[in-house]
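What follows is a set of notes on a single structure, which appears directly below.
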Amino acid sequence: MAVVKKVETKERFMGRLGHGCDLLGELNEICREKNVRLGWLKGLGAVRKACLAYYDQYTHEYQPLEIDRPLEITHLVGNVSVKDGNPFVHAHVTLADEKGHAYGGHLAPGTIVFACEFTLEILSGAVLERAFDETTGLSLWKMSE
Ligand code: ZN
C-alpha cells in the first residue's frame, strides 16, 4: 500500500553552498536553521570527493562507496521530512567523471563541495515522519493517517 499526501509549496529558495563544506551536512544545517518539516531539494555543481552508499536489500546494511576525486554533480535530488523530531535530509546523487561516466547512490557524509547551486522547496499540508520499517530495515515515512 502506498503513502500519498497532498502538499503545497509554501516557499522556495535558491542558493549556493560554500566551497569545501560537507554536502549533506550543509543541506541538513540549512534545513535545521529554517526548521523545514517537509521539502524537496535539487542541485548541481561539482564535488572534490564523494562518499556514497548503496543499500544492500539482503543484508539491510549500507555499503560505503568512496570516490576520492573531483566529479561533476549532474543531479542531486532529495527530500526533507522529520526524523526523531528534527528536519532530516534524504538525498541521492549522480556524479560524472571526466569521461562522462556516472556514479550514483545515497548521499553520505564526507562528500566535499567544490561548488553547488541548489533549490529548496518548502512544502506544507502534510507531516511525513520517519520510523523504522520492519520489511526493508530502513527508516521510512509512516504509513498511518
Ligand atoms: Zn537513500
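Side-chain atoms are counted along with the backbone in the values below, which use heavy atoms only and exclude waters and symmetry mates. FYI, the numbering just counts along the sequence from 1. In this text the structure is predicted, and so the values were computed from the model without any measurement. One-based numbering, in listed order, for ligands and for the atoms of each.
Taking the six-membered ring where the residue is Trp, His106 and His90 present tilted rings, their angle falling between 30° and 60°.
Within the model, atoms CH2 of Trp40 and CG of Leu123 stand 9.0 Å from one another, a figure rounded to the nearest 0.5 Å. Here the CZ atom belonging to Arg69 is positioned 10.5 Å from the CG atom belonging to Leu95, to the nearest 0.5 angstrom.
In terms of heavy-atom proximity, Pro87 sits nearest to Asn35 at CG-OD1, 4.0 Å.
Within the protein, the N, O or S atoms sitting under 2.8 Å from the Zn ion (ligand 1) are His90 NE2, His92 NE2, His106 ND1.
Residues satisfying the ring pair (Phe, Tyr, Trp, His ring centres under 6.0 Å) criterion with Phe114, sequence neighbours excluded, are His19.
At a threshold of 4.0 Å, the pair Glu121-Arg12 counts as salt-bridged, since one of the basic side-chain nitrogens sits closer than that to a carboxylate oxygen.
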